[in-house]
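All residue numbers refer to positions in the sequence shown, counting from 1. Order of appearance sets the numbers: ligands from 1, and atoms from 1 within every ligand.
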Amino acid sequence: MSEAVLDKLDSLLDEAKSKITKAQDEKELEEVRHQILGKKGELTALLRNLGSIPQDKRPAVGKKANEIKLQIEQVLDDRLQKLSQSSLEIRLQNERIDYSLPGESLPSGRLHPISEVLREVKDIFRGMGFEVARGPEIETDYYNFEALNIPPDHPAREMWDSLYLDEKTLLRTHTSPVQIRVMEKRKPPLRVISAGKCYRRDAVDATHCFQFHQVEGFMVDEEVSFADLKGVLSTFARLVFGQDRQVKFVPSYFPFTEPSVEVYIDCFNCAQSSTGKCSLCGGEKWIEVLGAGMIHPFVLRVVDYPAHYSGFAFGVGIERIALLKYGINDIRLFYENDERFLRQF
Ligand code: PHE
């Protein structure tokens, strides 16, 4: 009887060894351990039957059984170590990172051409000592028109055909109201610019849009003259369009400036055009870049400035500058957000 049990123990060990070596991963190995050493395992069952062995043989069989158990445990542990070692190796192999591969580059955004030009224009005037002020886009009739010498029945209102919110408020049609707002609060000397969106009831085409950007600027002090206007605006035009630009001042009309001018530069594209008729100036040789003038005495009176003060003001259309600067022929391109267009700047 005890001989048979001893034989069984030996064959159990052999069987266990072969099962253990066959186990291919930690999970399979755990199953094998369960099969042999678990509560209902083969070795456990054998040990449970120890009672049926004659008393004098029991110690020998018990000793042998324990040795076998220890051996099986040892083999299990060895295999476990091997398996976890190789599974780690497999993971290391598969999850290896090649640091020499080029990274994935994310597309980077950039400033919109209008923002770009706005910044450039602001920087130029800051460089000439102008500070930057802000004003509301929803404006009252008073600041947008009346204080600027455009009474309700003035024909010039036509020029700023407007988007009204109610009888007395509208989307500002230019940035000139900021002049009034700043002068109301502060005394000269003043050198101020203000940039922002303006709105007009314009039909959209290649050169018009119901919304656009303007930079307004003005300077007020004792003895500010037309020569100051010429100096500041010529400097501006040359910084934007090139130092060798010729600048000319052509009489014009704005209700809030007197005299009023339009500022032109000589066309920088004519030399490149082979056809004789330049596509930029249409053969005119001159390009209008902005409107300006000496601040009308009416406006200075509105803000209660003493009569010995004088000043000049100007308004720059940012889209216009951008169109000219980048040689773009359609203002609508600025607002379509087509990346193929925007990426070029
Ligand atoms: N506000 C004028 C416009 O929108 C421009 C301008 C500003 C002209 C200041 C003269 C002085 O057309």
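Here side-chain hydrogen bond (donor to acceptor under 3.5 Å, both in side chains) pairs that include residues 57-70, with residues two or more places apart or in two chains, are Asp10-Lys64.
Salt-bridge formation is detected for the pair Arg181/Glu139: a Lys NZ or Arg NE/NH1/NH2 atom is positioned less than 4.0 Å from an Asp or Glu carboxylate oxygen. Checked for salt-bridge contact, Arg332 and Asp330 meet the test: a charged N lies under 4.0 Å from a carboxylate O. Of the charged side-chain nitrogens involved, none lies within less than 4.0 Å of a carboxylate oxygen, so that Glu216 and Arg172 do not count as a salt-bridged pair.
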Please tabulate, for the side chains in residues 122-136, all donor-acceptor contacts under 3.5 angstrom to protein atoms that are two or more places apart in sequence or on a different chain.
| from | atom 1 | to | atom 2 | distance (Å) |
| --- | --- | --- | --- | --- |
| Asp123 | OD1 | Arg126 | NH1 | 2.9 |
| Glu131 | OE1 | Arg186 | NH1 | 3.2 |
| Glu131 | OE2 | Arg186 | NH2 | 2.9 |

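In terms of the side chain to side chain contact (heavy atoms under 4.5 Å, CB included) criterion, residue partners of Gln246 (sequence neighbours excluded) are, by chain and number, Asp266, Trp286.
For a heavy-atom separation below 4.0 Å, the residues in contact with ligand 1 are Trp160, His174, Ser176, Arg200, Gln214, Glu216, Phe254, Phe256, Thr257, Gly291, Ala292, Ala313, Phe314, Gly315.
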